[in-house]
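Below you'll find the structure, written out as structure tokens, and then a few comments.
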Amino acid sequence: MCNNLTAKERLAIDRVHMPELDAELRSRNFEEVNQGLAREEAVREAQRCIQCKTRPCVEGCPVGVSIPEFIDALAAEKLPKAARILQGDNALPAVCGRVCPQESQCEARCVRGVKGEAVAIGYLERFVADWAMTNADKLRSEPLPTGTGKKVAVVGCGPAGLTAAGELARKGHTVTIFEALHDTGGVLRYGIPEFRLPKEIIDVEVDRLLALGVEIECNVIIGKTMTLDQLREQFDAVFIANGAGLPVMLNMPGENLKGVYSANEFLTRVNLMEAGCNPNSPTPIIKGNSVAVIGGGNTAMDCVRTARRLGAERAMIIYRRSEAEMPARIEEIRHAKEEGVEFVMLTAPLEIIGDDKGWTAALSCEKMELGQSDESGRRKPVPVANSRYEVPVDVVVNAIGTRSNPLLTATAPDLALNKWGNIVSDEQGATSIPGVFAGGDIVRGGATVILAMGDGKQAAAAIHGFLSGAA
Ligand code: FAD
Ligand code: SF4
Ligand code: SF4
């Protein structure tokens, strides 16, 4: 295919469509929904990029991926070059190409989106990253850096921890990641389901880190197995990236009934422990026939789509605002609807009703309407008088949000926290304790993969500076 197209020819190309598994079929299995672009489709999409001198798309990316450059290499079918550029800027491109909210980040700034549709930057990132995974032999392996003799501990093996570990290892520091769970990846593995992010992608990224010499110790809870003080004594610096995995409770009657899950418990049982999808899994899950998921974010979509795949005939999203206010990605909402999920909008849950044996039997709700805007600028839902009604359900999943887990912070009294229990850090990730840095959800509250990775990258640079100064 020719890359010497005129601007007019580039503008005449329509945005590519992502091939997807059939909705009826996929709503009963865990296979990845988005199938990825074929090479010709990716090259053609890359040719839609008009190589803007001002590079607005790069400003929209929290880690500043060199978007025009990698797309230009792809348009010219120089795939090893495209992969090198991408991997140089982004530690987890195959992950970001799948789960980044591109439409509100890089693609939101794309000039082609002003009068038409933005270049499909996320799809192209995924294509190049997947190509690199299956063509590793065509890429030069990374040279191992000379050791600095400095040791860094990373707490948490999610996107923030993985990114920081990779950056620090590339600078020659000896890095050990301590992870509370028995496996790597953080939310990428236990939260985001296989049908959006296949686990083998996380395995490949983790293997790349291991090849750089990073050590990963699973089943170690900092704050229980070891304290932060002990880590600080054994390591020259510490990066805390333990996420925000503690569920916010519904605080309503019936929350302790059998059949009520927090989103993290529900997803962890299925994604990490294979409950419901592997008949040999020792972890059980209640497969409801009628499932209500409370919330409107990505986590709620992941839960409700998982419930459908576990066999629910009726899988519902219960959300107290309207669809326009839902924080979930538009693509996830569309996919969920195609898979038969019901969207019960402007509805607030009041109580979970049990049967005489303590099992969930119904959700009592009331209708809402949108009133005045609140501090966040969103219109506040207010109850409609006398609108209470019951929906029969056998499983309820609470996906209203999460916050920081105090396990680590409660045993580190010198670590400054904000009123929500998140660690306070400066722009470089430095905390109130010298040599201790933090980033990702534990600092921001629940955010995004790419923001956590950006924090990991920034903190790694600051830690390198700290260690170099201390040398
Ligand atoms: P985490 O990914 O939470 O990783 C923290 C790790 O630290 C975990 O492995 C945890 O086990 C470990 N840990 C915790 N405490 C300790 C301790 N005391 N000692 C040792 N280890 C500890 N973002 C997107 O951009 N796109 C999406 O589509 C998207 N979907 C999501 C779907 C779900 C279901 C959820 C829950 C979140 C989603 N997010 C999404 C948000 C995104 O996953 C998070 O913002 C991101 O993972 C935060 O990264 P992190 O490294 O800070 O923390
Ligand atoms: Fe866009 Fe995310 Fe890739 Fe950045 S990392 S270019 S925001 S898809
Ligand atoms: Fe290409 Fe869009 Fe970036 Fe311009 S803004 S360089 S068209 S991706």
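The residues of the chain are indexed from 1 along the displayed sequence. For the numbers below, each heavy atom of this structure counts, side chains included, while hydrogens, waters and symmetry mates do not. Ligands are counted one by one from 1 in listed order, and the atoms in each one are counted from 1 as well.
Protein heavy atom nearest atom 12 (C) of ligand 1, with residue, atom name and distance: Glu179 OE1, 3.3 Å. Among protein heavy atoms, atom 7 (S) of ligand 3 sits closest to Ile50 N, 3.5 Å. Scanning the protein heavy atoms around atom 26 (N) of ligand 1, the nearest turns out to be Val99 O, 2.7 Å. From the protein, the heavy atom lying nearest to atom 3 (Fe) of ligand 3 is Cys57 SG, 2.3 Å. Scanning the protein heavy atoms around atom 2 (Fe) of ligand 2, the nearest turns out to be Cys100 SG, 2.4 Å. With respect to atom 1 (Fe) of ligand 3, the closest heavy atom belonging to the protein is Cys49 SG, 2.4 Å. Considering only non-hydrogen protein atoms, atom 8 (S) of ligand 2 sits nearest to Gln102 CG, 3.4 Å. Closest to atom 6 (S) of ligand 3, if we only count protein heavy atoms, is Cys52 N, 3.4 Å. Ranking protein heavy atoms by distance to atom 4 (Fe) of ligand 2, first place goes to Cys61 SG, 2.3 Å. Atom 21 (N) of ligand 1 has Ala180 N, 3.1 Å as its closest protein atom, hydrogens excluded (heavy atom only). The nearest protein atom to atom 51 (O) of ligand 1, hydrogens excluded, is given as Ala160 N, 3.0 Å; this is a heavy-atom distance.
Below 4.0 Å from some heavy atom of Glu125 lie the following atoms of ligand 2, by number and element: 3 (Fe), 5 (S), 6 (S), 8 (S). Near Pro159, meaning under 4.0 Å from one of its heavy atoms, ligand 1 places the atoms 2 (O), 46 (C), 47 (O), 49 (O), 51 (O). Close approach of ligand 1 to Ile192 is summarised as follows: ligand atoms under 4.0 Å from at least one heavy atom of the residue are 29 (C), 30 (N), 31 (C), 32 (C). Of all atoms in ligand 1, listed by their number and element, those nearer than 4.0 Å to a heavy atom of Phe178 are 20 (C), 21 (N).
Judged by distance alone, with hydrogens and angles left aside, the side-chain atoms of Glu255 form a donor-acceptor pair with the main-chain N or O of Asn251 at under 3.5 Å.
The side chain of Pro56, and not its backbone, has at least one atom closer than 4.0 Å to an atom of ligand 3 (non-hydrogen atoms only; side chain from C-beta on).
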